[in-house]
Amino acid sequence: MALAGVRVIELAGLAPAPFCGMILSDFGARVIRVDRTKVAMTVDTQARGKQSVALNLKNPKGVAVLKKLCVQSDVVLEPYRKGVMEKMGLGPEDLLKENPRLIYARLTGYGQSGSYAKAAGHDINYLAMSGLLSMLGRTSEKPYAPLNLVADFAGGGLMCAFGIVLALLERSRSGRGQIIDASMVEGAAYVGSFMWKSRSLGLWNRPRGENLLDSGAPFYDTYRTSDGKYMAVGAIEPQFYQQLIQGLGLDDADLPAQMSISDWPQLRETFSRVFATKTQAEWSQVFDGTDACVTPVLSVDKVLSHPHNKARGSFFKDSQGEISPRPAPVLSRSPAEPCRFRDPFIGEHTRSVLKEYGFEQAQIEQLLSAGIVECNEAKARL
Ligand SMILES: C[C@H](CCC[C@H](C)C(=O)SCCNC(=O)CCNC(=O)[C@H](O)C(C)(C)COP(=O)(O)OP(=O)(O)OC[C@H]1O[C@@H](n2cnc3c(N)ncnc32)[C@H](O)[C@@H]1OP(=O)(O)O)[C@H]1CC[C@H]2[C@@H]3[C@H](O)C[C@@H]4C[C@H](O)CC[C@]4(C)[C@H]3C[C@H](O)[C@]12C
C-alpha cells in the first residue's frame, strides 16, 4: 500500500483527527492511537486498522513514554486546542528536537494563530467562519450546515491527511520533518475555492437558495416520488436538460426556457407534479442509461445493493456487518486495503506497542502498576 512503513501517532480526538488517522491507516500507515487512561469507551468511530495505547499524559512519565514513541515515528497528529501540547512539554520544539524527521500535524478549528486560536468550536463554527455557511440553505431560510461534512471532514481530516502526505513527500527529498498547521476554517474555505473563483461568472449573484447550484434552479434539485423517496436532478447543460424533459414526458414547447430565472418557480412546480406520479424505482428505470443526470437518492443502507456500486465494490461490509465506503481514490498498483477486523479497545495494544518501541518488560510493568499506562488485552480476548 502507498503508505506502508509510515508510522503515525494519533492523539485521540473527536471527529476530524480520527478521520485523518483512518485515511492514513487505510492506505497502509501503521496508526497508533493514544487514548486517555480511565476511559471506559472510545468515541472514535473511525478507528479502522488502528492500534490503541492508553497513556496518562498528565503524568511526566506518561509524557516521556509518548516522546519515546514519537522519536521512532514519522508523524504525530494532535487535535487539541492551541497550547495544550506545549503545556504538556510535547510541543513541536520538544519533539522535533528529538526527531528532526518528525511530521508534526496540528489539526484545529482556527489554526495556531489569530484571536480565535484558543477558542472552543465545532464544525458549524468553522464553516461559518469560512464564509461557506452563508451560502448554504434554501431560499428565505436560515443558513444550513450539511451535517459536519465540510469543515470537520473535508476541510479538516482530509485536508490534514493531504498535508501529511505532502510533508512525507518533501521529507523524502530534504530528510527533514515540519509542522503542519491545519485549520478547519481554512481547509473548508480552500475546498470551497470554486465559490470565490466563480463569482465573476455571476453564479452566486442572487440570494441564498436562488442560484444555479444551491437548489435555486429546478433542474438542479431533488424531487419526491410517489413512494415517498427522492430523485436527484442535475441536468445543467442544455443537451442533458433536453433528456430530462423527454424522460419526464414533457414537451419543451409547453415549458418556459431553461434559463428563464423568473419562470423557475413554475418549472419546479411542473417537475414536482410529474415526479410525484411514479416510484423511485420506476423513475430510475426511466432515466438509467440516459444522460439526463437523474439518479435515485439512495439511503445509506441501500448504497451497497445498487448495481453500479455493487459492480465497483464501492461499499463493503466489515466483520461486524457494518457497511462502510471503500477508501477512495483507487490506486491501480497500490490500492488501499481497509482492515476488516473490529476496532481496537482502549489500551488493547499498550503492552505490545511499548515492547516493540523498546521498553523493557520491567519498565512496562512499572508503568502499568503506577497507572501511567493501561492495558486491555483481557477485554480483547473475550
Ligand atoms: C459525535 C460527536 C462529535 C461531534 C464532532 C463535532 C461536530 C466537531 O466539530 S469535532 C471538531 C472539534 N474541534 C476540534 O477538534 C478543534 C481542535 N480542538 C479543540 O478546539 C478542543 O480540543 C475542543 C474544543 C474540541 C475540546 O476542548 P477541551 O477543552 O475538551 O480540550 P482541549 O482544550 O483540547 O484539551 C485537551 C485536554 O485533554 C488532556 N489530554 C489529552 N490527552 C490526554 C491523555 N492521554 N491523558 C491525559 N490528559 C489528556 C490535555 O492535557 C488537555 O487538558 P487540559 O484541558 O487540562 O489542558 C461526539 C461529541 C461528544 C460525544 C458523546 C460524549 O462523549 C458522551 C458519550 C460518550 C460515550 O463513550 C459514547 C457516547 C457519547 C454520547 C458520545 C457520542 C459522540 O461520540 C459524541 C456526541
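Quick note: residue numbers are just sequence positions, from 1. In what follows, every heavy atom counts, from backbone to side chain, and hydrogens, waters and symmetry copies are set aside. Whatever order the structure lists ligands and atoms in, that order sets their numbers, starting from 1. Quick caveat, the model's predicted, so the values are computed rather than measured.
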Could you give the side-chain donor-acceptor pairs of residues 153-165 under 3.5 Å, partners two or more places apart or in another chain?
none

Checklist line | Salt-bridge present (Arg351, Glu374; N to O < 4.0 Å) | finding: no
Next item on the list: Using a strict cut-off of less than 4.0 Å between a Lys/Arg side-chain nitrogen and an Asp/Glu carboxylate oxygen, indicate whether Arg206 and Asp214 qualify as a salt bridge.
Entry: no
Notebook entry, point to check: Which residue supplies the protein heavy atom nearest to atom 5 (C) of ligand 1, what is that atom called, and how far is it?
Noted result: Asp152 OD2, 3.7 Å
Margin query: When you measure from the heavy atoms of Gly109 to every atom of ligand 1, does any distance fall below 4.0 Å?
Written below: yes
Check: Considering all protein heavy atoms, does one lie under 4.0 Å from atom 72 (C) of ligand 1?
Finding: no
Note to self: Under 4.0 Å, counting heavy atoms only: does Met184 come that close to any atom of ligand 1?
What the structure shows: yes
Next item on the list: Considering only non-hydrogen protein atoms, determine which one is nearest to atom 60 (C) of ligand 1 and report residue, atom name and distance to 0.1 Å.
Entry: Leu14 CD2, 4.5 Å
Next item on the list: Quick one: look up the protein heavy atom nearest atom 51 (O) of ligand 1 and list residue, atom name and how far away it is.
Entry: Lys58 NZ, 2.8 Å
Checklist line | salt_bridge(Arg48, Asp343) N-O dist < 4.0 Å | finding: no
Item checked: Among Gln51, Lys50, Arg33, the one residue meeting side chain to side chain donor-acceptor pair (under 3.5 Å) with Glu10 -> Lys50
Checklist line | atom 38 (O) of ligand 1: the protein heavy-atom neighbour that sits closest, reported with distance to 0.1 Å | finding: Arg36 NH2, 2.8 Å
Notebook entry, point to check: Does Tyr126 come within less than 4.0 Å of ligand 1, judged by its heavy atoms?
Noted result: yes
Check: Within the structure, does at least one protein heavy atom fall under 4.0 Å of atom 34 (O) of ligand 1?
Finding: yes
Notebook entry, point to check: Heavy-atom contact under 4.0 Å between Leu11 and ligand 1?
Noted result: no
Notebook entry, point to check: Taking distance alone, with no angle check, do Asn148 and ligand 1 share an N/O pair under 3.5 Å?
Noted result: no
Notebook entry, point to check: Side chains of Pro79 and Leu11: does their closest heavy-atom pair fall under 4.5 Å?
Noted result: yes
Check: Is the shortest heavy-atom distance from the side chain of Arg106 to the side chain of Pro92 under 4.5 Å?
Finding: yes
Notebook entry, point to check: Between Pro79, Ala12, Ala17, Pro18, which one has a non-hydrogen atom sitting closest to atom 18 (N) of ligand 1?
Noted result: Pro79
Next item on the list: Ignoring hydrogens and angles, state whether a donor on the side chain of Gln242 or Asp252 is under 3.5 Å from an acceptor on the partner side chain.
Entry: yes
Notebook entry, point to check: Ala120 heavy atoms, cut-off 4.0 Å: which ligand 1 atoms fall inside?
Noted result: 24 (C)
Margin query: So is Asp35 touching ligand 1 or not, going by heavy atoms under 4.0 Å?
Written below: yes
Item checked: ILVMFWY cluster, Tyr223 and Leu213 together (side-chain gap under 4.5 Å) -> yes
Checklist line | Nearest neighbour in protein (non-hydrogen) for atom 45 (N) of ligand 1 | finding: Leu55 O, 2.9 Å
Notebook entry, point to check: Leu57 to ligand 1: N or O pair under 3.5 Å?
Noted result: yes
Next item on the list: Consider only side-chain N and O atoms of Asp35 and Ser52, and report whether a donor and an acceptor are under 3.5 Å apart.
Entry: yes
Margin query: I want to check a possible cation-pi pair here: Lys82 against Tyr110, using under 6.0 Å from ring centre and within 45° of the ring axis as the test.
Written below: no
Item checked: Sub-4.0 Å atoms of ligand 1 with respect to non-hydrogen atoms of Met41 -> 69 (O), 70 (C)
Notebook entry, point to check: Given the protein's heavy atoms, is any one of them under 4.0 Å from atom 12 (C) of ligand 1?
Noted result: yes
Notebook entry, point to check: Protein heavy atoms: any of them under 4.0 Å from atom 75 (C) of ligand 1?
Noted result: no
Check: Are Glu210 and Arg138 close enough for a salt bridge, meaning some N to O gap below 4.0 Å?
Finding: no
Note to self: Whether Arg7 engages the ring of Tyr357 as a cation-pi pair (distance to the six-membered ring centre under 6.0 angstrom, angle to the ring normal within 45°) should be assessed.
What the structure shows: yes
Check: Are any non-hydrogen protein atoms located under 4.0 Å from atom 78 (C) of ligand 1?
Finding: no
Check: Below 3.5 angstrom, do we get any N/O pair linking Ala15 and ligand 1?
Finding: no
Check: For atom 8 (C) of ligand 1, is the nearest protein heavy atom closer than 4.0 Å?
Finding: yes
Margin query: Quiz question for you: does at least one protein heavy atom lie closer than 4.0 Å to atom 63 (C) of ligand 1?
Written below: no
Next item on the list: Classify the angle between the aromatic ring planes of Phe287 and Trp283 as parallel (below 30°), tilted (30 to 60°) or perpendicular (above 60°).
Entry: parallel
Notebook entry, point to check: Got a sec: does the CD1 of Ile179 have more than 12 other heavy atoms crowding it under 6.0 Å?
Noted result: yes
Check: Heavy-atom distance from atom 66 (C) of ligand 1 to the protein below 4.0 Å?
Finding: no
Item checked: For atom 21 (C) of ligand 1, the protein heavy atom that lies nearest, with its residue and separation -> Arg81 N, 4.0 Å
